[in-house]
Amino acid sequence: MVLNKRILKRGGEEPLDHLDFAKVARSFGIDGVEYVNQMFFDKAKDQAYLGEMKKRQEGEGVKGLLIMCDREGNLGDPDEPSAS
């Protein structure tokens with residue numbers, strides 16, 4: 001099972017709602033997950049969505065360990081991005 005392709009709705013497999021990731025992880029006996037912001041990039045600043053994500057993972061007894069941030073620029077770069 002390739003979960004990332006299901007969440008991103010690629011590869012012709014049955015789509016998986018990102019909010020159900022913790023439930024699927026728990027079904028495999030996993031109790032800690034790492035998220036990637038690409039899986040919910042359009043909702044990354046949506047506090048209601050993030051709250052629901054946390055509520056669901058806690059409801060499954062799964063701990064959110066980290067969120068890997070892709071396409072956010074050079075996070076350690078002291079220079080502000082240019083407006084070009």
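One-based numbering along the sequence shown.
In this structure Tyr35 satisfies the ring-ring contact (aromatic ring centres under 6.0 Å, His included) test together with His18, Phe21, sequence neighbours excluded. Residues satisfying the side chain to side chain donor-acceptor pair (under 3.5 Å) test with Glu58, not counting sequence neighbours, are none. In terms of the side-chain contact (heavy atoms from CB on, under 4.5 Å) criterion, residue partners of Gln47 (sequence neighbours excluded) are, by chain and number, Leu50.
Taken together through direct or relayed side-chain contacts under 4.5 Å among Ile, Leu, Val, Met, Phe, Trp and Tyr, Leu65 and Val62 form parts of separate hydrophobic clusters. By the rule that hydrophobic residues join a cluster once side-chain heavy atoms approach within less than 4.5 Å of another member, Leu66 and Leu19 end up as members of one cluster.
The two residues Gly64 and Gln57 come nearest to each other via the heavy atoms N-NE2, 3.2 Å.
Identified under the salt bridge (Lys or Arg N to Asp or Glu O under 4.0 Å) test for residues 19-30, with sequence neighbours left out: Asp20-Arg56. Identified under the salt bridge (Lys or Arg N to Asp or Glu O under 4.0 Å) test for residues 28-43, with sequence neighbours left out: none.
The CE atom of Met53 sits 10.5 Å away from the CG atom of Asp46 when rounded to the nearest 0.5 Å.
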